[in-house]
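To keep things clear, I will list the structure first and then write my remarks on it.
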Amino acid sequence: MLRPMPLLMVKAKPNSRVSALTRQDDGTWLAQLKSAPVDGKANAELIGLVAHAFGCPKSAVDLQTGAGSLLTRVIVTDRVSAARAISIL
């Protein structure tokens with residue numbers, strides 16, 4: 001049986017001093033991004049943070065909606081990486 005792809009609700013905070021991804025009490029994730037939200041730099045950094053946190057390649061991370069807003073829906077598309085992500089969630 002195929003497991004569903006994990007969907008992460010991520011609150012992005014660009015122009016931060018550190019680059020970090022932390023889980024919040026309400027089930028969302030807080031992404032502190034050093035990059036400015038210009039020319040897709042913050043989105044690229046967000047994809048890298050999620051990939052690193054869940055141990056998957058960047059190509060397995062997809063920004064579903066909200067790429068231009070502070071609240072972004074992120075999905076891990078690779079089946080093996082998704083299983084790892086679900087175990088972390």
Atom OG1 of Thr65 and atom CZ of Arg73: how far apart are they, to the nearest 0.5 Å? 4.5 Å
One should read off an interatomic distance between Leu8 CG and Gln64 CD, to the nearest 0.5 angstrom, of 10.5 Å
Shortest non-hydrogen contact from Cys56 toward Val76: SG-CG1, 4.3 Å
Non-neighbouring partners of Ser59 that pass side chain to side chain donor-acceptor pair (under 3.5 Å), sequence neighbours left out: none
Could you work out, with side chain to side chain donor-acceptor pair (under 3.5 Å) as the rule, every residue matching Gln32, not counting sequence neighbours? none
So, using salt bridge (charged side-chain N to carboxylate O under 4.0 Å, His left out) as the criterion, who are the partners of Lys11 when residues are at least two apart? Asp26
Just to verify, what does Ala44 make a side chain to side chain contact (heavy atoms under 4.5 Å, CB included) with, not counting sequence neighbours? none
Examine distances only and state if a side-chain atom of Glu45 and a backbone atom of Leu33 form a donor-acceptor pair shorter than 3.5 Å. no
Does Thr28 reach the side chain of Val10, with side-chain heavy atoms less than 4.5 Å apart? no
Pairwise side-chain contact, Val74 with Leu7, heavy-atom cut-off 4.5 Å (strictly under): no
Can you tell if the side chain of Lys34 reaches within under 4.5 Å of the side chain of Arg17, non-hydrogen atoms only? no
Are any of the side-chain heavy atoms of Leu21 and Leu30 separated by less than 4.5 Å? no
